[in-house]
Amino acid sequence: MDERRDSPRLKMYAGVFILRGEKAYLTEVENVSTGGASMTRPSNWDGHLESRCALYFIIEQDHILLIRGHLVHETESRLGFEFDSGFAAESEELVTESRRWR
């Protein structure tokens, strides 16, 4: 079965800091596209579908990208976020950075 997406997913392994309200979670991103990202589900995650979050992608120690989004997919091991509109430049930069991981 072919996957149908607006943007292709690219593998990327980097830290991501999720801020949901006043709660914070540290995890790892697994793949990205210009429309969203999939990441490892933190063991202490207590959010729910449509949770609005700030996602801080830690590219390097002094290079962190902020992209806001909402949770659209959740399993026992993964979270899938869709990026909010208005973050096109940031999501393009994230995809560009992911190509360095190939």
Side-chain angles (χ1 to χ4, degrees):
M1 181 171 166
D2 290 333
E3 193 173 357
R4 294 184 180 164
R5 299 188 172 276
D6 292 336
S7 306
R9 290 184 180 191
L10 300 170
K11 289 199 179 295
M12 181 178 197
Y13 300 101
V16 61
F17 183 76
I18 305 170
L19 184 61
R20 184 180 62 80
E22 294 187 13
K23 293 193 174 188
Y25 311 88
L26 183 61
T27 190
E28 295 177 344
V29 64
E30 296 176 355
N31 62 62
V32 298
S33 73
T34 55
S38 176
M39 55 200 67
T40 304
R41 184 180 190 269
S43 59
N44 61 337
W45 176 255
D46 62 353
H48 50 83
L49 288 181
E50 296 302 318
S51 289
R52 305 208 58 78
C53 299
L55 307 168
Y56 294 86
F57 293 90
I58 306 164
I59 309 302
E60 293 179 21
Q61 185 175 357
D62 60 349
H63 187 185
I64 298 172
L65 286 174
L66 165 62
I67 302 177
R68 295 189 187 280
H70 60 280
L71 185 66
V72 293
H73 181 76
E74 179 177 6
T75 68
E76 288 183 19
S77 61
R78 291 199 175 107
L79 299 177
F81 284 91
E82 182 178 323
F83 298 149
D84 290 349
S85 61
F87 289 89
E90 292 85 350
S91 64
E92 286 290 342
E93 184 177 350
L94 185 63
V95 166
T96 298
E97 289 293 336
S98 74
R99 289 188 175 110
R100 291 180 17 187
W101 297 89
R102 287 183 167 185

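- Sorted by first then second residue, the ring pair (Phe, Tyr, Trp, His ring centres under 6.0 Å) pairs that include residues 61-81, not counting sequence neighbours, number zero.
- Between the CD1 atom of I67 and the CZ atom of F87 there is a distance of 8.0 Å, given to the nearest 0.5 Å.
- L10 places none of its side-chain heavy atoms less than 4.5 Å from the side chain of N31.
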Determine, step by step, whether V29 and L94 satisfy the side-chain contact (heavy atoms from CB on, under 4.5 Å) criterion, reporting the C-alpha distance in whole Å, the side-chain angles of both residues, the deciding distance to 0.1 Å, and the verdict.
CA-CA 11 Å; V29 64; L94 185 63; over 6 Å; no
Assess the residue pair L65 and E93 against the criterion (side-chain contact (heavy atoms from CB on, under 4.5 Å)); give the C-alpha distance rounded to whole Å, side-chain angles, the decisive distance to 0.1 Å, and a yes or no.
CA-CA 8 Å; L65 286 174; E93 184 177 350; 3.4 Å; yes
Would you mind writing out the side-chain donor-acceptor pairs for residues 49-58 within the sub-3.5 Å range, not counting sequence neighbours?
unit_1: S51; atom_1: OG; unit_2: H48; atom_2: N; d: 2.9
unit_1: S51; atom_1: OG; unit_2: H48; atom_2: O; d: 2.5
unit_1: R52; atom_1: NH2; unit_2: D84; atom_2: OD1; d: 2.9
unit_1: R52; atom_1: NH2; unit_2: D84; atom_2: OD2; d: 2.5

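- Under a hydrophobic-cluster definition in which Ile, Leu, Val, Met, Phe, Trp and Tyr are linked whenever side-chain heavy atoms come within less than 4.5 Å, directly or via other members, L26 and I18 are assigned to different clusters.
- Residues D46 and Y25 bring a donor and an acceptor atom of their side chains to less than 3.5 Å of each other.
- Just one of T27, L79, V16 meets the side chain to side chain contact (heavy atoms under 4.5 Å, CB included) condition when paired with T40; it is T27.
- For the pair E28/M39, no side-chain contact is recorded, criterion being any heavy-atom separation below 4.5 Å from C-beta on.
- Rounding to the nearest 0.5 angstrom, the gap separating the CG atom in L19 from the CZ atom in R68 is 8.0 Å.
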Taking it one step at a time, do E97 and M12 satisfy side-chain contact (heavy atoms from CB on, under 4.5 Å)?
CA-CA 8 Å; E97 289 293 336; M12 181 178 197; 4.1 Å; yes
E30 vs R78, test: salt bridge (Lys or Arg N to Asp or Glu O under 4.0 Å). Steps then yes/no.
CA-CA 9 Å; E30 296 176 355; R78 291 199 175 107; 2.4 Å; yes
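- Taking CZ of R9 as the start and OG of S38 as the end, the distance is 5.5 Å to the nearest 0.5 Å.
- In terms of heavy atoms, A24 sits closest to N44 at O-ND2, 4.4 Å.
- Remark: R41 does not engage E76 in a salt bridge, criterion side-chain N to carboxylate O under 4.0 Å.
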